Amino acid sequence: MDIILKYFADFNDTQLQQLQQLEELYKHWNEQINVISRKDIDSLYERHVLHSLSIAVLCNFEPGTQVVDIGTGGGFPGIPLAIFFPEVNFLLTDSIGKKIKVVNEVANAIGLKNVTAVHSRVEDIKGRTFDYAVSRAVAPLGDLWRWVNPLLRPGQMSEELPNGLICLKGGDLDKEITESGLKEIVQAWEVDNIFDEESFREKYVIYVPKK
């Protein structure tokens, strides 16, 4: 938790309590349903919560923004972002039902009212549109864009970035970005320039605007 406070100083009491509860909850649920690797659970706040919040540093969602989290797994980046932005609505999706069970249990336990979690592939969502899509290490960029582009509406619900896809990725992404066909419009930021931590080397925030 200290590493979160190293970079953020403006959480209210409710947000602080919600963040503090995450460690016990994830350790409890991870023993039953493995949603976080065993070696990472002790680094929950750095490798999962803080990593997720790199999106919040780059894009300050306005109240009422609609965000879909693609392949949320145990709730990342969706749950930390929902804590950070209590007036933004988040739909967390995953194709694995037991992971959505964990997301719902965690969200309910900490009193998150702005999160809905559904057992579904994002490409199967019908009749809804969103301002932004977020994801972390789910699929190649080209696949992500193909799935979410039809669900994104044009506009700008943040002063920083127009509506679009914001995803967390790692490693050498040159080939992936080239193969996506999006090279001319992709923007990328190094996470270790946002948070000065060794674990974020070669990790990136990738953004594709909705045109």
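What you see is a predicted model, and the numbers here were worked out from it, not measured in a lab. Residue numbers start at 1 and run along the sequence shown.
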Taking atom [atom1] of [X] as the centre, report whether more than 12 heavy atoms of other residues, nucleotides or ligands fall under 6.0 Å from it.
X	atom1	result
Arg121	CZ	no
Gln17	CD	no
Asp13	CG	no
Asn12	CG	yes

- Identify the heavy atoms of Gly64 and Asp131 that sit nearest to each other, and give their distance.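 Here Gly64 and Asp131 meet closest at O-OD2, 4.5 Å.
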Taking only Lys NZ, Arg NE, NH1 and NH2, and the carboxylate oxygens of Asp or Glu, determine whether [X] and [Y] approach each other closer than 4.0 Å.
X	Y	answer
Asp192	Lys203	no
Glu105	Lys101	yes
Asp42	Lys27	yes
Glu197	Arg47	no

- Message: Has Asn30 got a side-chain atom pairing as donor or acceptor with Val35's backbone, closer than 3.5 angstrom?
- Response: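 Yes; judged by distance alone, with no hydrogens or angles, the pair exists.
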Would you check if [X] and [Y] make a side-chain contact, meaning some heavy-atom pair closer than 4.5 Å?
X	Y	answer
Asn163	Leu152	no
Gln18	Leu112	yes
Leu168	Ser54	yes
Leu53	Ile83	no
Ile100	Thr72	yes
Phe195	Val57	yes
Tyr45	Leu50	no
Tyr26	Ile79	yes

Tell me whether [Y] is reachable from [X] by hopping between hydrophobic residues (I, L, V, M, F, W, Y) whose side-chain heavy atoms are closer than 4.5 Å.
X	Y	result
Leu92	Ile166	yes
Leu58	Leu165	no
Leu25	Val49	yes
Met157	Val134	yes
Phe200	Ile206	no

- Message: If we count only N and O atoms by modelled type, under 3.5 Å, do the side chains of Thr129 and Gln66 hold a donor and an acceptor together?
- Response: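 The criterion, which ignores hydrogens and geometry beyond distance, is not satisfied for Gln66 and Thr129.
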- Item | Passing option when Lys169 is tested against Val138, Ile177, Leu144, Val205 for side-chain contact (heavy atoms from CB on, under 4.5 Å) |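 Between Lys169 and the candidates, side-chain contact (heavy atoms from CB on, under 4.5 Å) is satisfied uniquely by Leu144.
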- Identified side-chain contact (heavy atoms from CB on, under 4.5 Å) counterpart of Val88 within the set Thr65, Val115, Leu81: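 The option that passes is Thr65.
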Centroid separation [X] to [Y] less than 6.0 Å:
X	Y	answer
Phe90	Tyr132	no
Phe76	His51	no
Phe84	Phe8	yes

- Checking side chain to side chain contact (heavy atoms under 4.5 Å, CB included) for the pair Leu19/Ile4: CA distance, chi angles, key distance, verdict? CA-CA 9 Å; Leu19 287 166; Ile4 305 299; 4.3 Å; yes
- Item | Trace of the side chain to side chain donor-acceptor pair (under 3.5 Å) decision for Glu46 with Ser199 | CA-CA 8 Å; Glu46 179 177 342; Ser199 63; 2.5 Å; yes
- Kindly determine whether Lys183 and Val186 satisfy side chain to side chain contact (heavy atoms under 4.5 Å, CB included), including the steps that lead there. CA-CA 5 Å; Lys183 188 173 183 178; Val186 165; 6.0 Å; no
- Message: List the residues meeting side-chain contact (heavy atoms from CB on, under 4.5 Å) with Leu151, not counting sequence neighbours, and say none if there are none.
- Response: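 Here the qualifying residues are Val122, Ile125, Phe130.
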